[in-house]
> 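Would you mind keeping the following structure in view while I ask a few things?
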Amino acid sequence: MKLYLVPTPIGNLDDITLRAVNVLKSVDAILAEDTRTSGFLLKHLQISKPLHSYHIFNEHQTVQRVIAQLKAGKTLALVSDAGTPAISDPGFLLVRECIKHEIPVECLPGPTAFVPALVNSGLPADRFTFEGFLPHKKGRQTRLGELAEETRTMVFYESPHRLVKSLTQFAEVFGPDRQASVSRELTKLFEETVRGSLQEIITYFAEKTIKGELVIVVQGKS
């Protein structure tokens, strides 16, 4: 009876750890954010295990069924599409329920997008705040207003179609000269990190077709 949280590669499949492979081989079943994506990874690793769907849209309905499986003696692994479960992905609710029911939980170390983006940014990494995805509408301006006085380096996730809009909002709140970086397609063939002031980065991306997952790192207030 145990739940493993297993980080999966954010792009380059070679970033899977040997320990992660061994755990995925040993469990009774795997809970996957997208069974197609995880199925591709398992095929690459030559692992054959039952895959069950567990994502943000069904976790409240399925969490008790998962708990019942664990209490029946099953050993399960939770994986997201890429990166570490529960970091801007499903996982928190299940971990909380496992702790409530005294079910052992073990999270393996491994890939997560914000770490290489933060280190690559050249901005201070000794103290930082991870904000993930900001609210799209309700509460967004309130949160940005709170972050206006943040002195630590700030890390955000963003989708390609919202990048320029978010950078523009950041420039309005933090000032156009605030230093920042944007990393996209981390660990993949076309990996790119763009550094400079918020205004310089906005200008760079304004005329481009943007693809891939994005991490924005913004300097804290001096």
Side-chain angles (χ1 to χ4, degrees), residues 5-21 24 32-34 36-45 55-56 77-92 107-134 136 147 152-170 178-198 200-220:
L5 278 69
V6 181
T8 54
I10 60 175
N12 191 323
L13 296 184
D14 287 343
D15 289 336
I16 192 80
T17 68
L18 291 174
R19 185 178 172 202
V21 172
L24 293 174
E33 185 179 8
D34 187 322
R36 294 165 299 179
T37 301
S38 297
F40 177 80
L41 175 64
L42 294 178
K43 183 177 180 180
H44 174 76
L45 298 173
H55 49 73
I56 192 171
L78 173 65
V79 299
S80 59
D81 287 350
T84 300
I87 303 296
S88 294
D89 277 321
F92 161 72
C107 182
L108 278 61
T112 188
F114 78 81
V115 173
L118 173 62
V119 175
N120 277 336
S121 73
L123 297 171
D126 55 334
R127 297 177 68 246
F128 64 92
T129 175
F130 174 69
E131 295 295 324
F133 289 98
L134 288 174
H136 284 180
L147 291 172
R152 296 169 294 180
T153 301
M154 297 169 280
V155 183
F156 306 88
Y157 285 166
E158 193 51 277
S159 59
H161 71 280
R162 295 183 62 88
L163 175 63
V164 173
K165 181 177 180 180
S166 291
L167 290 172
T168 301
Q169 289 178 323
F170 291 170
R178 184 76 68 91
Q179 294 296 298
S181 77
V182 173
S183 294
R184 68 177 192 90
E185 297 280 68
L186 285 165
T187 78
K188 299 179 183 178
L189 182 62
F190 298 106
E191 176 177 334
E192 178 183 34
T193 295
V194 180
R195 307 171 185 86
S197 70
L198 284 168
E200 288 171 338
I201 298 173
I202 291 168
T203 301
Y204 178 85
F205 282 109
E207 303 301 325
K208 292 185 178 294
T209 300
I210 307 165
K211 297 181 179 180
E213 297 299 317
L214 298 160
V215 185
I216 306 171
V217 183
V218 182
Q219 183 182 38

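Heads up: numbering here begins at 1 and tracks the sequence. Because the structure is a prediction, the values reported are computed rather than measured. Values below: all heavy atoms of this structure, side chains included; hydrogens, waters and symmetry mates excluded.
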> Please tabulate, for the side chains in residues 112-125, all donor-acceptor contacts under 3.5 angstrom to protein atoms that are two or more places apart in sequence or on a different chain.
unit_1, atom_1, unit_2, atom_2, d
N120, ND2, P116, O, 3.3
S121, OG, L118, O, 2.7
S121, OG, L123, N, 3.0

> Does D34 have any salt bridge (Lys or Arg N to Asp or Glu O under 4.0 Å) partners at least two apart in sequence or in another chain, and if so, which?
R36
> In a check of side-chain contact (heavy atoms from CB on, under 4.5 Å) between V217 and each of T153, T193, V182, which one passes?
T153
> Got a sec, which residues hit side-chain contact (heavy atoms from CB on, under 4.5 Å) with H55, two or more places apart in sequence or on another chain?
E33, S53, F57, N58
> With a sphere of 6.0 Å drawn around CZ of F133, does it hold more than 12 non-hydrogen atoms of other residues, nucleotides or ligands?
yes
> Compile the donor-acceptor pairs under 3.5 Å between side chains in residues 160-168 and protein atoms, sequence neighbours left out, one pair per line.
unit_1, atom_1, unit_2, atom_2, d
H161, ND1, S159, OG, 3.4
S166, OG, R140, NH2, 2.8
S166, OG, E158, OE2, 2.6
S166, OG, R162, O, 3.2
T168, OG1, V164, O, 2.8

> Using the test salt bridge (Lys or Arg N to Asp or Glu O under 4.0 Å), find all partners of E200 that sit at least two apart in sequence or belong to another chain.
none
> Considering residues, nucleotides and ligands other than I56, do more than 12 of their heavy atoms fall under 6.0 Å from its CD1?
no
> Under the salt bridge (Lys or Arg N to Asp or Glu O under 4.0 Å) rule, collect the residues that match up with R152, sequence neighbours excluded.
E150
> Can you run down the salt bridge (Lys or Arg N to Asp or Glu O under 4.0 Å) pairs that involve residues 111-132, sequence neighbours left out, and say none if there aren't any?
E131-R143
> Below 4.5 Å, heavy atoms only, C-beta onward: do F130 and I87 meet side chain to side chain?
yes
> For T84, enumerate each residue passing the side-chain hydrogen bond (donor to acceptor under 3.5 Å, both in side chains) test, keeping only those at least two apart in sequence or located in another chain.
none
> Apply side chain to side chain contact (heavy atoms under 4.5 Å, CB included) to V21 and I16, showing your working.
CA-CA 7 Å; V21 172; I16 192 80; 3.9 Å; yes
> List for me each residue that meets ring-ring contact (aromatic ring centres under 6.0 Å, His included) alongside F170, sequence neighbours excluded, and say none if there are none.
F156, F174
> Rounded to the nearest 0.5 Å, how far apart are CD of E213 and CZ of R184?
11.5 Å
> State whether the side chain of R178 and the backbone N or O of L198 hold a donor-acceptor pair below 3.5 Å, judged by distance alone.
no
> Within this structure, what is the CD-CD1 distance for the pair Q179 and I201, rounded to the nearest 0.5 Å?
7.5 Å
> Measuring from atom NZ of K208 to atom CD of E192, what distance do you get when rounded to the nearest 0.5 angstrom?
6.5 Å
> Suppose we screen for salt bridge (Lys or Arg N to Asp or Glu O under 4.0 Å). Which residues come up paired with E191, at least two apart in sequence or across chains?
none
> Show me the side-chain donor-acceptor pairs of residues 5-12 shorter than 3.5 Å, one per line, residues at least two apart or across chains.
unit_1, atom_1, unit_2, atom_2, d
T8, OG1, S80, O, 3.2
N12, OD1, D14, N, 2.9

> Who are the side-chain contact (heavy atoms from CB on, under 4.5 Å) partners of A32, not counting sequence neighbours?
T35, S38, L51, V79
